[in-house]
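Report on the following structure.
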Amino acid sequence: MTATLNPPSTAGATATSRRLTTAKAIVEAIGQEMETAPSVILLGEDVGAYGGIFSSTTGLLEKFGPTRVLDTPISETAFIGLATGAAVEGLRPIVELMFVDFMGVCLDQIYNHLAKIHFESGGNVSVPVVLTTAVGGGYSDGAQHSQCLWGTFAHLPGLKVVVPSNPYDAKGLMTAAIRDDNPVVYMFHKGVMGLPWMAKNRRSTGEVPAESYQVEIGRASVARRGTDVTVVTVSLSVHHALDVAEQLESDGISAEVIDLRSLVPLDRAAIRESVARTGRLVVVDEDYLSFGMSAEVIASVVEHDPRMLTRAPIRVAVPDVPIPYARELEYAVLPTRARIEAAIRGVMQG
Amino acid sequence: MTATLNPPSTAGATATSRRLTTAKAIVEAIGQEMETAPSVILLGEDVGAYGGIFSSTTGLLEKFGPTRVLDTPISETAFIGLATGAAVEGLRPIVELMFVDFMGVCLDQIYNHLAKIHFESGGNVSVPVVLTTAVGGGYSDGAQHSQCLWGTFAHLPGLKVVVPSNPYDAKGLMTAAIRDDNPVVYMFHKGVMGLPWMAKNRRSTGEVPAESYQVEIGRASVARRGTDVTVVTVSLSVHHALDVAEQLESDGISAEVIDLRSLVPLDRAAIRESVARTGRLVVVDEDYLSFGMSAEVIASVVEHDPRMLTRAPIRVAVPDVPIPYARELEYAVLPTRARIEAAIRGVMQG
Amino acid sequence: MTDRNDSAAPGPDVRRELYRTMVLIRSFEEAILADYHADKKPAWDIGAGLIPGEMHLSAGQEPVAAGVCAHLRADDAVTATHRPHHFALAHGVDIDRMAAEIYGRETGLGRGRGGHMHLFDPATHFSCSGIIAEGYPPALGQAFAFKHRGGDGVAVAVTGEGAANQGAFHESLNLAALWQLPVVFVVEDNDWGISVPRSASTAVPDNSVRAAAYGMPGIRVEENAVEGVYSAAGEAVERARFGGGPTLIEVHTLRLWGHFEGDAQGYRPELADVPGRDPIPAYEASLRADGVLDEDEISRIRTEAAARVERAVQFAKDSPHPDPAQAREYVFAGAS
Amino acid sequence: MTDRNDSAAPGPDVRRELYRTMVLIRSFEEAILADYHADKKPAWDIGAGLIPGEMHLSAGQEPVAAGVCAHLRADDAVTATHRPHHFALAHGVDIDRMAAEIYGRETGLGRGRGGHMHLFDPATHFSCSGIIAEGYPPALGQAFAFKHRGGDGVAVAVTGEGAANQGAFHESLNLAALWQLPVVFVVEDNDWGISVPRSASTAVPDNSVRAAAYGMPGIRVEENAVEGVYSAAGEAVERARFGGGPTLIEVHTLRLWGHFEGDAQGYRPELADVPGRDPIPAYEASLRADGVLDEDEISRIRTEAAARVERAVQFAKDSPHPDPAQAREYVFAGAS
Ligand SMILES: Cc1ncc(C[n+]2csc(CCOP(=O)(O)OP(=O)(O)O)c2C)c(N)n1
Ligand SMILES: Cc1ncc(C[n+]2csc(CCOP(=O)(O)OP(=O)(O)O)c2C)c(N)n1
Ligand SMILES: [Mg+2]
Ligand SMILES: [Mg+2]
C-alpha cells in the first residue's frame with residue numbers, strides 16, 4: 001500500500017461538505033450506516049440518552065430507538081461478548097468501551113474471542129464488530145483514564161486497529177469499519193473529538209462530505225509533505241506534529257508528517273517510502289515507549305534496509321511511566337510539541 | 001548493565017549443586033524463601049494438592065500447610081487482587097495465573113492496580129507480588145492456551161517481567177523476584193520446565209546450587225559467545241537458538257546467543273554491546289511479531305546508532321496469527337530451529 | 001428453587017432417544033480416549049500422536065447434554081466449554097467434521113485451526129471456548145440476535161460449577177435477566193474444578209440459589225438424572241422461547257475420568273467409587289426395568305453408535321492434514 | 001434480608017459525631033466544587049484550573065460513609081471508588097494531604113501522581129480506584145493479611161449500585177465468604193450509574209438479595225438513613241471482627257449533584273426534587289427535634305468544619321507543585 005496524500009481539510013472537501021467536529025463526523029457515519037443496514041446496532045455504557053461520554057453517539061437513540069441503541073449495565077465482559085455473539089448471528093454491532101483503560105476487565109472477550117473466532121473456525125464464522133473506545137490524556141484524568149494502549153491491541157492478532165486524527169478520516173474509517181467483516185477496534189482520542197469542554201484544537205474540526213464514503217483501513221496518509229525528516233505518528237500527536245512542522249519550516253527544516261491512521265494493518269510501505277526520501281525518522285507516540293508502536297515503526301524500516309536511516313531515529317513517547325495526575329508531571333511525559341520539536345532538531349543534527 | 005557470560009550449566013555449578021529440572025528449581029526457590037520469610041504466601045488455582053498444573057508448586061502445600069499455600073476458586077480477578085491487597089499490608093504473595101492466556105479475565109487487577117499503586121501513591125505504598133504464569137506452545141493446545149504475551153506485559157509500566165530459560169536462572173530469578181519490592185511477572189515456558197509429560201529438552205535440566213542465590217533482574221546473559229551474528233532471544237527459543245548455533249559452527253558461522261532473561265528492565269546495553277561486535281542481528285521471539293519484543297530489540301540498537309547493523313536484522317516470531325491447533329500449522333508459525341537457521345544464514349548473506 | 005414439573009416427564013420415545021444420545025457420546029469419548037493415548041507412549045508426551053494437546057472428555061456428563069439438547073432445534077444455539085463434546089454431539093454437530101477437527105484435519109469444523117476446545121459450527125449455532133465462563137457472553141449475543149429479529153430461537157450457555165465463580169457468570173446472568181433474553185444457563189456440577197473440590201471454590205452448596213440474585217428461576221437437578229434434566233430444561237427452553245426470559249439450571253453430574261487425559265487424580269478421595277456411579281448403565285437398567293428397551297434394542301443402539309463413531313474417526317483419519325503453507329490464512333475475512 | 005438491629009441505635013454522642021462527619025464532608029465537597037469550577041470559564045475546559053480532570057463529588061452520600069466509618073479504627077482498611085472523598089474523610093485520612101493531592105501538589109498523599117480517584121494512605125489503610133468494582137479484590141487482600149497475622153482488623157470495600165453488575169463484585173463476594181474474610185461490602189445505591197438508572201442496569205431491585213448467592217448476610221438500608229447505616233454497619237463490622245465473615249450492606253442514598261462536575265444531568269427526570277432530599281438538613285432537623293443539638297452547637301460544628309476545610313485547602317494551595325524533572329520517578333521501588 002502507498003500512502004495517499006490527504007490533508008483532509010482540502011482533499012476531503014466536496015460540494016456537499018460542511019465543517020464538523022470529529023465527534024459529529026463519527027456520529028454521522030454511524031447514523032448513515034444504521035439507516036442503510038438494519039443489522040447495525042449500537043450498545044455500551046451511556047450511549048443512549050447521554051449520547052456517549054465523549055459525544056460519539058449523540059442523537060442516535062432519538063433517531064433509531066432503544067431496540068437498536070442500547071445502554072448497558074457496567075458489565076463490559078457481558079456486553080462486549082454479547083456483541084460478538086450477535087455478530088456471529090449476522091448483526092453488525094458497534095460496541096463502546098467507554099475508556100480504553102477499562103480493557104482489563106474485558107480483554108478476554110476481545111482478544112481471545114472476538115479476535116480469534118474467525119481463525120479458530122477456519123474462516124467459517126465472521127465477527128463484524130466495531131469496538132469503539134476513547135483514548136488519551138492531557139487533561140489530568142490520571143493513570144486509569146488517560147492511556148492510549150493502541151500498542152497493546154495492535155500486538156494481538158485478529159483485530160484491525162484504526163486511530164483517526166481528524167473529522168474526515170474519522171467518518172471514512174467508521175464507515176469502513178462498520179462494513180468490514182472483521183472486528184475493528186476504533187480508537188478515538190478525546191483530544192481530537194472537538195469536544196466543547198476540552199482544550200480547543202483547530203484540527204478537530206474540518207470539512208466532511210455529507211454523503212457516505214470510506215477511508216481504506218490499513219492506509220496511512222501523508223498529512224504534510226516534507227523532505228528532511230519523516231515524522232511518523234497517529235491520533236492527537238498528528239496535530240502536534242503538524243504544528244511543529246509548520247513552525248520549523250521557517251527555520252529551514254522540512255518535515256514530512258505521516259498519519260498512520262491504522263495500526264493494523266500497518267502501512268509499512270508508506271513509512272519506508274517516506275524514510276527512503278528523508279533518511280531521518282522521528283516516531284511520536286502517546287502510548288508507552290517500550291514494546292509498542294514506536295519500535296514497530298523503526299523495525300519496519302530497518303528490517304527492510306538499515307541504511308535507509310542516515311541518522312539514529314528518535315522516539316517521542318510516554319517513557320514507561322503511568323500517566324501522572326498533576327499537570328506539570330503529565331505534560332512532562334506526554335509527547336508535547338516541545339518534545340517533538342527537540343526530537344526533530346535532534347535528528348537533523350544527529 | 002553488561003551481560004554476564006553465563007552458560008548456567010557450568011558457571012552455576014558449585015560444590016552443592018545438583019541437576020534439577022526448571023520446575024524443581026522454581027519450587028526450591030519458593031520453598032527456601034517461604035522458609036526464611038513468614039510473609040511469603042502462595043495462592044492460585046491447583047497450586048495445593050495438585051502441585052501446580054506445570055509442577056511449579058509441587059510439595060509446597062505439604063511443607064507449609066493450607067494457611068500459606070492456598071487453592072483458589074477460578075476467580076483470577078478476585079485472587080490476584082487479593083494478592084495485591086495482602087502485599088499492601090506487608091505480605092509477599094506469590095500468585096499463579098495458570099496460563100498467561102487467561103490474563104484477559106484479570107488484566108485490570110494486574111496493570112491498573114498491581115502495577116500502578118506504587119506510582120499513584122507517590123512511592124508511599126509498595127506491592128511486592130510475584131505473579132507466576134505459564135507461557136508458550138508447541139504441543140497443540142490451541143489459540144487460547146499457547147501464547148507467550150510477554151510483549152503485552154512488558155509494554156505496560158510498573159511491572160518487572162522475567163522469563164527464565166533454564167533451571168539455574170529460574171531459581172535465581174525466583175529468589176530475586178520474591179525479594180523484590182515491586183510486582184514481578186514471572187513467566188515460565190512449559191517447554192523449559194522439564195515436565196515428564198512433554199517433549200524432552202536436554203536444556204531443561206541443569207546444575208542448580210542447593211543454597212539460595214539471586215540472578216539479578218534486568219541483566220541479560222550471553223548464553224553462547226560468537227563473533228558473526230547476534231541472536232537475541234528469550235525462554236524456550238534460547239534452547240533452539242543454542243542448538244542451531246552449535247550446528248552452524250561446523251559451517252563456519254559463529255553465532256552469539258543472548259538470553260535476555262528479563263524484558264523489564266531490558267538490558268539494552270548487552271544487546272548493543274554484542275551487535276556492536278557482530279554487526280548482524282536476528283531476534284527470535286515466540287510471542288507475536290508486531291508491536292512486541294522483536295521490534296523493541298531492534299529499536300534499542302538502531303536508536304543508538306543505525307550503523308551498528310551492517311545487515312538488515314531478521315525477526316523470527318509468530319507472524320501475527322493466533323496459534324493454530326494442528327501440529328503442521330502450529331510448527332509453521334512457531335520460531336523453530338529451521339526458521340532460526342534460515343534467519344541466521346539469511347543475515348549472514350544479506 | 002422452583003421444583004421441576006414432573007408432568008413434563010418424558011415418554012418412551014424420548015427416553016429411548018435420551019439413551020441413544022448418551023450412548024453415542026460415550027462411544028465417541030471412548031474412541032477419542034483410545035486414540036489419544038494410543039501413540040503417546042512409552043514416555044507419555046502430550047504433544048505427540050494422532051490427537052495432541054489437552055483433552056477434556058465428558059464421560060459421565062452425558063445426562064446433562066442429552067437432557068438439555070433434546071429440547072433444541074438446529075436453529076437454537078449452544079455455547080459449551082473446554083469440555084464440549086457431549087453438547088456438540090447432543091446438539092447435532094456433524095460428527096465427521098467434529099472428529100476431523102479433533103484430529104487436526106483440513107476437513108474439520110475449523111480446518112484444524114481450532115482443536116477440541118474450539119469447535120464452531122454455524123449450521124447448528126454451536127461454539128465453545130477454552131476460557132472458563134467466557135462462553136456465556138457470546139451466548140447472550142446469539143439470544144439477542146434471535147430476539148432482535150423477532151424469531152423464537154433459544155441460546156443455551158454451559159459452564160462447570162467451578163466457572164460459576166468467574167465474573168463473566170455474574171455479568172451474563174444479570175444482563176440476560178435485565179433484557180429478558182432467551183437463554184438457558186446450564187451449570188454442570190461435577191464436584192471438581194480440576195483438583196479443587198466444589199467446597200473449596202464455591203461459598204454456597206447449590207448454584208441454583210444464585211438465580212435469585214438476578215430475579216430468574218433457578219433449579220438444581222440432583223443425581224445426574226437425565227430425565228430430571230430433561231424436565232427442567234423443557235420448562236426452561238419453553239420459558240425462553242415464549243418470552244419468559246432466562247433460567248439457571250444446575251445439574252449434579254459426574255466427571256467419570258480425569259480433568260484432562262493424563263490426570264492421575266491423586267487429589268480425588270472418592271476415586272474408587274466413581275465407576276459405580278456411571279449414569280449410563282444405571283439409565284439402561286431403569287429403561288430395561290420399565291420395559292422401554294430390551295436387550296436387542298440396547299445392543300442395536302450400542303452397535304449403531306459404535307459404527308457411527310468409527311465412521312467419523314475413519315473420516316478424520318482419512319482426511320488431509322492442513323497445508324503448512326496456509327498457516328497464516330483465516331486471520332482476517334476477505335474485504336466485504 | 002436480615003433486619004437491622006434497632007437495639008444498636010446510636011446514642012446522642014454518636015449522633016452528634018455522625019452529624020459532624022457529614023458536615024465536614026459536605027464542607028469539603030463544597031470547597032472543591034467551588035475551586036474546581038472557579039477557573040474553568042468562560043469556555044469550560046476540564047483540564048484547566050487549580051483542580052483539573054474528572055471530579056466525582058459525594059455530596060448526598062455522606063450518611064453512608066459517616067455511618068460505616070463510625071465503627072472503624074485507623075488500623076481497619078477502607079477501599080473506596082472513583083467517588084472517594086466522603087469515605088476518606090470519615091475514615092480519618094489526613095485532610096491536608098488529601099486536599100493537596102486533589103490540587104496536584106507534592107505534599108499530597110501521592111505527591112500529585114494519583115489525583116482524586118487515586119488516594120492512598122498507608123496510615124489509615126485507605127485506598128480507592130477509578131475502575132468500577134475493582135477496588136473490592138484488594139480489600140479482600142487487606143482482610144486476608146489482617147486475619148493471616150491473627151489480628152482483628154476489618155476491611156470495608158465500597159462500590160456503587162452500578163458497579164454491582166461487574167464481575168469483580170461476584171468474584172470478591174464468593175471468595176470472601178468462602179474464606180470467611182473480615183470484610184464489609186458496602187454498595188452505595190444512588191439510583192444512577194452516570195446516566196443509566198438502576199432499573200436499566202440491575203435485574204433485581206435490591207442488591208442485598210445477592211448476598212444469598214454467597215451465603216452471607218445481606219441488608220438494605222433505605223432512605224439514606226445515617227443511623228440505619230450506623231446500625232447495620234455496627235453489626236457487620238462486629239461480625240467481621242469476631243470471625244463471622246463478610247456482610248453485604250446496600251444503602252439507598254442520593255447523588256445530590258451530577259455524576260461528575262460538568263454533568264448537566266439532562267437524563268435525570270427527578271432532578272427538581274433532588275435538593276429537597278438532601279440528607280444533611282433532614283438529619284440536622286431530627287437532631288434538633290430530639291434535643292441532641294441546638295442552634296449554637298450546629299453553628300459551631302459548621303464553623304469548625306468550614307475552618308478545617310479552609311485550612312486544608314490553604315495547605316494545598318501553599319504547597320509546591322511537583323517537579324517535572326521527577327515525572328519518571330516512583331515507577332519502581334528501589335531495590336530491596
Ligand atoms: C479463566 C480461566 N481460568 C482458568 C482456566 C483453567 N481451567 C480449565 S478447566 C478448569 C476447571 C474448570 O472447572 P469447572 O468449571 O467445574 O469445569 P469442569 O472442568 O469440571 O468441567 C480450569 C481452572 C481457564 N481455562 N480459564
Ligand atoms: C470497569 C469500568 N467501567 C466503566 C467505568 C466508567 N464509569 C465510571 S463511574 C461509572 C458509574 C458508576 O456507577 P456506580 O457504581 O453506581 O457509582 P456512582 O458513580 O453512582 O457512585 C462508570 C460507568 C469505569 N470507571 N470502570
Ligand atoms: Mg467441575
Ligand atoms: Mg450509582
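Lettering follows sequence order; numbering is per chain, from 1. Side chains are part of it too, since the values below use all heavy atoms of this structure and drop only hydrogens, waters and symmetry mates.
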Which answer fits A:I323, side chain, backbone, both or neither, if we ask what part of it has an atom under 4.5 Å from a heavy atom of chain B?
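Answer is backbone: N, CA, C or O of A:I323 sit under 4.5 Å from chain B.
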Check whether A:L107 gets within reach of chain B through its side chain, its backbone, both or neither, counting any heavy atom under 4.5 Å.
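For A:L107, heavy atoms of backbone and side chain both lie under 4.5 Å from chain B.
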What heavy-atom pair brings B:D101 and B:S146 nearest, and what distance separates the two atoms?
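Reported closest heavy-atom pair: OD2-N, 2.9 Å.
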Can you find a heavy atom in the side chain of [X] that is under 4.5 Å from one in the side chain of [Y]?
X	Y	answer
A:E330	A:Y325	no
A:F119	B:P324	yes
B:Q349	B:R311	no
B:D285	B:W150	yes

Determine the option with the most heavy-atom pairs under 4.5 angstrom with chain B, choosing from [options].
options	answer
A:T77, A:D287, A:V318	A:D287
A:R315, A:M308, A:M293, A:H304	A:R315
A:I110, A:L263, A:L289	A:L263
A:D320, A:L281, A:V297, A:D305	A:D320

Check each of A:V184, A:V264, A:L131 against A:V161 using the side-chain contact (heavy atoms from CB on, under 4.5 Å) test, and report the only one that passes.
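Exactly one candidate clears the test, A:V264.
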Would you mind checking which part of [X] comes under 4.5 Å of any heavy atom in chain A, side chain (CB onward), backbone (N, CA, C, O), both or neither?
X	answer
B:Q147	side chain
B:Q144	both
B:T152	both
B:L309	both
B:Y288	both

Would you confirm whether B:E296, through its side chain, and A:S290, through its main-chain N or O, come within 3.5 Å as a donor-acceptor pair?
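Not at all, since once roles are kept as given, no pair shorter than 3.5 Å links the two residues.
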Show your working on salt bridge (charged side-chain N to carboxylate O under 4.0 Å, His left out) between B:K190 and B:E286 and close with a plain yes or no.
CA-CA 12 Å; B:K190 302 146 198 171; B:E286 196 183 315; over 6 Å; no
Among B:A299, B:P322, B:P306, B:A312, which has the most heavy-atom pairs under 4.5 Å with chain A?
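Ranked by contacts with chain A, first place is B:P322.
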